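We count ligands from 1, going down the list as the structure has it; atoms in each ligand are counted the same way. Computed from a prediction, not measured in an experiment: that's the story for all the values here.
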Amino acid sequence: MSKTKTLDYWIQPHVLQMKGYTSARDTFQANDQEVVLLDANENPNPWGYNRYPDPYQRRLRKVLAARYGLESDYVMLGNGSDEILDLLFRATCQPGKDQCIALPPTYGMYKVLSNLNQVPIIEVPLDEQFQPRVGETLAATTPNTKLMFLCSPNNPTGNLLNRESVEKLLQNFDGLVVIDEAYVDFASEPSWVDRLDMFPNLVVVQTLSKAYGMAGLRLGMCYANPQLIRVLLKIKPPYNINEATQKLALSRLDQGALLESQRLALIDQRIWLQEQLKDIFWVETVFPSQANFVLVRIDDANMRYKQALDKGFVLRNRHGLPGCQQCLRITVGTQEENKALIQQLKKLT
Ligand SMILES: *Cc1c(COP(=O)(O)O)cnc(C)c1O
């Protein structure tokens, strides 16, 4: 069973004790009431953006929580999920004392943020199937390991992590387990958000940057138990989600049918791309994918990367990452883009 660790165990004492900034818009929410707002030194002439945005993003959080049948107190929002990951470091890890752990090959930001925050990163490589080595991973942790990053579906490999392995890590690791679900909308298994009440140390991070087509707006979501969410809301920059993003995200999330058809079309295109790539003589392995990209192992990643670039296609060269020797990562584009890419790749000698 999961342990009975509480906030005091995970969150740095000074973070628990500090008071957050109280903004003018905190103390009074305008809503529909007829009031004159003279509290925040704003320019009073309206054009849609002259007022500070809601620091608690009440409408947006309600919609994003409801996707999982949750109340708003289970979710906080970040300026991209990268901001959320950074806040998790600052909430939990004392520089020079604590560590985090990640399982490469995986998303590069965990290491960047560990360096920035002076929190050493323990790395235990995934196995040949890109699955966690549960025993070794747990053995590599110490009482000062505060964060474990699991990315599922994993970037750049594309696979989901085994549910049993993730569950064992959740049960046996004393720190927070952060499951990065940037690609969950393309996957065949449900989100870990459904398990929040079972694992108090579970944090699920998602983003509107991929399936929802809002990378330019910067909106990430963090789902966790309400106690932890309260801490993150306290320490985030007060106005981290701007008014334009809040408005546009609400209208985009309202376009359910369009989003669903785009999601399904991208999955179809991924399957088509995988089949086509298997026909290319210099492609050795097309790895299974539960995301909107495909990892391929080929004869010479550096050479093929340059050849594709010469034809006008920018791919991601992942050669050099542990377990990704001679691998390229290819994002699924539009049907026309994918056709054009395959046409060019098939011509290479
Ligand atoms: C793309 C990606 C993100 C995205 O982060 P945003 O800051 O929300 O755009 C997060 N995690 C992984 C694994 C990704 O691939």
Side-chain angles (χ1 to χ4, degrees), residues 57 60-61 64 67 75-90 100-114 116-117 121 123 126 130 132 147-161 166 176-187 189 191-193 202-224 232 236-237 240-242 244-246 248-249 252-253 259 262-263 266 270 287 289-295 314-318 321-324 327-333:
Q57 306 103 22
L60 193 48
R61 280 169 60 220
L64 289 166
R67 293 157 81 224
V75 62
M76 67 83 65
L77 306 180
N79 191 322
S81 44
D82 292 343
E83 182 181 53
I84 295 167
L85 298 173
D86 189 51
L87 288 171
L88 286 166
F89 270 101
R90 295 165 69 180
C100 65
I101 184 164
L103 316 185
T106 192
Y107 186 46
M109 277 306 284
Y110 314 139
K111 197 177 213 165
V112 171
L113 291 170
S114 87
L116 176 64
N117 287 288
I121 189 165
E123 297 189 299
L126 295 167
F130 298 132
L147 291 173
M148 177 181 290
F149 294 103
L150 303 178
C151 187
S152 184
N154 188 36
N155 177 3
T157 59
N159 61 293
L160 282 160
L161 304 186
V166 172
L176 297 181
V177 175
V178 181
I179 306 188
D180 186 338
E181 293 189 332
Y183 302 97
V184 71
D185 301 287
F186 300 108
E189 285 182 11
S191 165
W192 282 89
V193 170
L202 170 60
V203 178
V204 179
V205 176
Q206 297 183 358
T207 178
L208 296 187
S209 295
K210 308 287 158 65
Y212 288 82
M214 289 186 261
L217 289 182
R218 314 304 304 128
L219 195 90
M221 298 90 88
C222 176
Y223 295 91
L232 295 171
K236 76 177 182 58
N240 63 331
I241 311 299
N242 70 65
T245 295
Q246 292 192 45
L248 288 165
R252 179 91 173 152
L253 286 163
L259 288 168
Q262 289 189 355
R263 187 182 75 86
L266 286 169
R270 175 191 76 210
F287 290 96
S289 173
Q290 299 269 343
N292 67 332
F293 58 82
V294 182
L295 189 75
V314 184
L315 310 180
R316 189 83 159 133
N317 189 349
R318 298 284 72 186
L321 253 60
C324 292
C327 285
L328 297 179
R329 191 192 69 195
I330 305 174
T331 304
V332 179

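Of the inter-residue distances, the one linking Leu113 atom CG with Tyr107 atom OH reads 8.5 Å to the nearest 0.5 angstrom. In this structure, the separation between CG on Leu77 and OG1 on Thr245 is 10.5 Å, given to the nearest 0.5 Å.
Between Phe293 and Tyr183, the ring planes lie perpendicular to each other; the angle is over 60°, past the 30° to 60° tilted range.
For a heavy-atom separation below 4.0 Å, the residues in contact with ligand 1 are Gly80, Ser81, Asp82, Tyr107, Cys151, Asn155, Asp180, Ala182, Tyr183, Thr207, Ser209, Lys210, Arg218.
Of the possible donor and acceptor atoms, none in the side chain of Glu181 sits under 3.5 Å from a partner among the backbone N and O of Val204. Within the 3.5 Å criterion, the main-chain N or O of Asp86 finds no donor-acceptor partner in the side chain of Asn117.
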Exercise for the section: Start with the C-alpha gap between Arg218 and Asn242, add the side-chain angles, then the distance that decides, and say whether side chain to side chain donor-acceptor pair (under 3.5 Å) holds. Expected result: CA-CA 9 Å; Arg218 314 304 304 128; Asn242 70 65; over 6 Å; no
